[in-house]
Amino acid sequence: MTLNRRFTLVARPDGLPKPSDFALVDEPVPELADGQFLVRNHYVSLDPAIRGWLDDAPSYLPPIELGDAVRVSTVGQVEASKAGSIKAGDWVMGLNKLEHYSVAAEGGFTYPIDANAVPSVTNYLSVMGAVGLTAFFGVNDVLKPKAGETFLISGAAGAVGSIAGQLGKLAGARVVGIAGGPEKCARLLNDYGFDAAVDYRGKTVDQLSAAIGEAAPNGVDMVFENVGGTVLDATLLHLNREARVGLCGLISEYNSEHYGTRNLWQLIVKSARIQGFLVSDYLHRFPEGGAAMAKLVAEGKLRFDEHIEEGIDNALPTFLKLFEGKNEGKLILKLV
Ligand code: NDP
């Protein structure tokens, strides 16, 4: 009998997730009902959002239940099918679980992909997936950069941030990135073509504010915020009049109490606006965003990096890299 190895949640993490919060279990692969198909998950997307789903707190998706495998996006191949439109051997992607085999239903959140349309199927978890679309809609719908404006991005060397910055450059903005450490800052300038880079590591709000002031001497017209905490606080001090802040993520606050942003008053005195957004708000526009990203990739106008680690046994240490700044590009776990 084939067994399904699953990475399950057994306790809700308090702070940074630890090994005792999870258990690897082997279970029989479930039987398929009519309309269902079995996916052999090849690649798993490890995203900061997973940290929120581990908590028992209201969010845009229900908390992962204790005892269940951790919810993740995957790319895989259909092993068996009782669904008319899906056949064994098809490549699919979707919201599944961190396990070797997932059962999906026709018409649900797992759908076929064209593996021949991309250099690697992993691209559907990076530039051609939610990461690329988050950057695309965050930049082009929420922020709408104009030529000559200054565009500041935090978490800039990461999966979403590095693409968002390049989209800002393509729109003609002057792009300034904030990232952790000199190597990542060098990558912003050399690999992703940013105009300036700021290292936030080890800096107080005042020190970071001074560094942002040097990198963006004319102030900031748009912010693509991925980090929150002291990074957002320092950034708010540099907003120009009627600046736009797109709130994509607050990764510095995912393993702790929320920081409590102190400089929100800057939004008032600069008549600025802040707007949170979810990539899933744009589900109905995914074909448009996907086509635009595919065109940019085909034209060689976007650089994207993928950081691939291996093995379900390695799931937690790999996931934690997101919070240690140790991922260089979209973090993906290879299962097959
Ligand atoms: P990344 O590839 O950017 O990886 C996370 C990075 O965050 C790390 O490499 C690290 O970079 C930085 N980081 C981690 N902890 C801290 C900290 N305490 N302070 C400052 N920086 C930190 O991940 P993603 O591109 O997948 O996600 C980036 C952001 O986008 C996240 O906030 C995520 O929640 C959000 N997101 C939002 C979506 C939406 O629909 N709104 C969809 C997808 C992602 P460094 O070394 O520079 O510190």
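Along the sequence shown, the residues carry numbers beginning at 1. In listed order, ligands and their atoms are each counted from 1.
Side-chain N/O atoms of Tyr192 and Asp305 include a donor and acceptor closer than 3.5 Å. Using modelled atom types and a 3.5 Å distance limit, the side chains of Trp53 and Asp55 yield no donor-acceptor pair.
Sorted by chain and number, the residues within 4.0 Å of ligand 1 by heavy atom are Pro48, Thr134, Gly158, Ala159, Val160, Ala179, Gly180, Lys184, Tyr200, Arg201, Asn226, Val227, Cys248, Gly249, Leu250, Ile251, Ser252, Tyr254, Phe277, Leu278, Val279, Leu322, Phe323, Gly325, Asn327.
Applying the salt bridge (charged side-chain N to carboxylate O under 4.0 Å, His left out) test to pairs two or more places apart or on separate chains, those with a residue in residues 155-181 are Lys169-Asp195.
With contacts defined as side-chain heavy-atom distances shorter than 4.5 Å, the pair Leu54/Asp21 does not qualify.
Asp199 and Gly181 make their closest contact through OD1-N, 2.8 Å (heavy atoms, listed as atom of the first residue, atom of the second, distance).
The structure places CG of Leu232 at 8.0 Å from CD of Glu253, a figure rounded to the nearest 0.5 Å.
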